[in-house]
A.B. asks: 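First the structure, which I've put down as structure tokens, then a few questions once you've had a look.
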Protein chains: 2
Amino acid sequence: VKIFKKAILPLGFQASALAGGIKKNGKLDLALLHSQVSARAAAQFTVNKIQAASVVVSKSHLKKNKIFRAIIVNSGNANCFCGKNSLADAERTVQYVAGALKTEKEKVLVASTGIIGRRLPMEKIKKAIPHLVTGLSRAGISEAKKAILTTDTFTKEITLKLNLGQKTVTICGIAKGSGMIAPNLATMLAFILTDARISRQALKKALGTSIEHSFNVITIDGCMSTNDAVFLLANGMAKNAPITSGKNFLIFQHALQIVCLELAKLLVRDAEGASKFIQIKVSGAKNFPQAKQAALAVANSNLFKTAIYGENPNFGRIAAALGASGVRLKEESLKIKVSSLQKKDIYVDVALHQGKAACTVYTSDLTCEYIKINAEYN
Amino acid sequence: VKIFKKAILPLGFQASALAGGIKKNGKLDLALLHSQVSARAAAQFTVNKIQAASVVVSKSHLKKNKIFRAIIVNSGNANCFCGKNSLADAERTVQYVAGALKTEKEKVLVASTGIIGRRLPMEKIKKAIPHLVTGLSRAGISEAKKAILTTDTFTKEITLKLNLGQKTVTICGIAKGSGMIAPNLATMLAFILTDARISRQALKKALGTSIEHSFNVITIDGCMSTNDAVFLLANGMAKNAPITSGKNFLIFQHALQIVCLELAKLLVRDAEGASKFIQIKVSGAKNFPQAKQAALAVANSNLFKTAIYGENPNFGRIAAALGASGVRLKEESLKIKVSSLQKKDIYVDVALHQGKAACTVYTSDLTCEYIKINAEYN
């Protein structure tokens, strides 16, 4: 297994990006990811009951259809909570892309991120899409990974190469997100592309397991977004023996989880206004859900997050958050350890002594910068 | 019914306060509330599984005993999460008070607030208590209401006088709290004194109903404390016909609820670093718990709170918080109204159109001041 801290497209994929005028500041705001051959897909979406039109349309295409060619992404506008217009605009976007690519609209997936409650500028998007299609190239990923960003301060990208039999399989992931990040997806956008040959069922299972231990164990502000999604496309161009179950599945799933966890950690490292990267491990829980619930209760406590920001060793706030979490614990057997608060990376270790399950959650501190960014964002 | 925005002790009550050296800055940190005759009591405590020793001791006394004479309160130290020492120190505190008052220790209740995880300075407390007892007076409430404060910037107090038959009943409440405020009590300290004659059962019921619609519908930072409590003492000195049920009960309960709600709102007005007082009304819910859950989901959303701070009309964040709340709703029937954000008092009205239940919740915005206060508090 080789890991590269940059996006390198797997075989058969292309990408492009441009500034279509959705963002007022003239930055890149449209990205197209494209597979030259049909790809299988798996995806997970926000569990928020208010769902962006991009989520509704992508879900519907994933239900109707088994092969896909492209994902169109816009940043700067969530295309959400505009009544029926949101849905019509998302439908039109995939139609324009399908038209330009000469494929069916059900083979196109869509993602949006940005402000909620504003109409998409459809004339601008219609005009931009043919240029996105003609601009597709292998090198285009270097722009596409920028075009999906909003308040992010850096790109999130990783590539992993592994050998399966005689073949090299590549998994490449890019992501965006730095606020409105909470578990149960509802988190951010991530696009993972692989040339692995893998059954649809195995793809879905590998993604589900990987997300549970990566994007679902990070939280920045406990706020669950309406838009966010993890997409995984697999086009089989690596020509490996098909992955269905057994050892090859486990190798692939493990590799995918590394990609997901690295992207998830990068999201936390870029948390809005954050000055610290915090890892909270809860062990000795009765079961995994209890361990996760306890760790997230600490991670989402504003008082804990501000104490870390202030480099203030206030263990009481950790105990109070655990006590309020609803998880089984006893004060007399609870052990809490915190690493030096003067460093950027903080490790919190909680031992509940109630069982054998453990979970590690990643979060950031809560700072004045976060307040400023979110007071002014519009 | 007459309402006074200051604490006026009901018949038969006295109070005192002094600076015992628990707070490093020499401010008042010990308060004693005393009834010259036996009083009935009702109380509610935090539901945090880590409970301060004061909560454990007061609960035990309320279980064992039916009449009470005093409440001893210290600020500056929560006396929590110090292992067995916490409990021993709380026991010793009530013993000292009982000794000085020449009463039994089970007739003394205790409350603590401040930093978690530090030992109480028991020598200082032992030395201070006789002075607290000799200092008891009717005027002492004006100092006692200050001695219970921590990060508060003003005292919280209210007095209500109502006529029951030929008699005037007085209900006086004081409270502290400005952070670590979330519903289900776990919230703050409040002490309510009344000279009403009322059965123990009616007292408990009146307090329960009043709290549900006051202290349990406020949230500042969603953080549940280990210490907090609402105490209600009734000493019968008003000599009204005993309140048990029926019309007099409803009148008393309603008056008590006014006192509780006013104190609860004062807590929110003094929220750490807050620049706005926000009232969120959710109507058209299936039932009251759903209405409350939806309103609290908005109230506890950091993104909503920072948007209000920034006077940034970001309705999408309200919709996203409602969608993530777990409450039944449909996007197409959801209506959201927000009053002018340039004012200090903000009104958010949400109509779910799923039923007839409503709940109003009170909260504050999230500001850089909150971060600074909590980053440095220690």
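Note that this is a predicted model, so its numbers are computed, not measured. Every chain is numbered from 1 and lettered A, B, ... according to where its sequence line falls, protein lines coming before strand lines.
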A.B. asks: For B:Glu332, is it the side chain, the backbone, both, or neither that has a heavy atom closer than 4.5 Å to a heavy atom of chain A?
C.D. replies: neither
A.B. asks: Which atoms form the tightest heavy-atom contact between B:Glu331 and A:Gln51, and what is the distance?
C.D. replies: OE1-O, 4.0 Å
A.B. asks: Under 4.5 Å from any heavy atom of chain B, what part of A:Ile336 do you find: side chain, backbone, both or neither?
C.D. replies: side chain
A.B. asks: Rounded at 0.5 Å granularity, tell me how far NZ in B:Lys372 sits from OH in A:Tyr309.
C.D. replies: 8.0 Å
A.B. asks: From A:Asn300 CG over to B:Asn302 CG, what is the distance, rounded to the nearest 0.5 angstrom?
C.D. replies: 8.5 Å
A.B. asks: Measure A:Ser325 against the heavy atoms of chain B and call it side chain, backbone, both or neither at under 4.5 Å.
C.D. replies: neither
A.B. asks: Verify the neighbour count for atom NZ of A:Lys344: are there more than 12 heavy atoms of other residues, nucleotides or ligands below 6.0 Å?
C.D. replies: yes
A.B. asks: List in chain and number order the residues that pass side-chain hydrogen bond (donor to acceptor under 3.5 Å, both in side chains) with B:Ser112, two or more places apart in sequence or in another chain; answer none if no residue qualifies.
C.D. replies: B:Asn74
A.B. asks: Residue by residue, scan residues 82-89 of chain B and write down, ordered by number, those that have a heavy-atom distance under 4.5 Å to chain A; if none do, write 'none'.
C.D. replies: B:Cys82, B:Gly83
A.B. asks: Please examine the side chains of A:Tyr370 and B:Ile371, heavy atoms only from C-beta on, and report whether any two atoms are closer than 4.5 Å.
C.D. replies: no
A.B. asks: Within a strict 4.5 Å, meaning less than it, do heavy atoms of the A:Phe315 and B:Ile116 side chains meet?
C.D. replies: no
A.B. asks: Determine the minimum heavy-atom distance between B:Lys49 and A:Arg328, stating which atoms define it.
C.D. replies: NZ-N, 4.1 Å
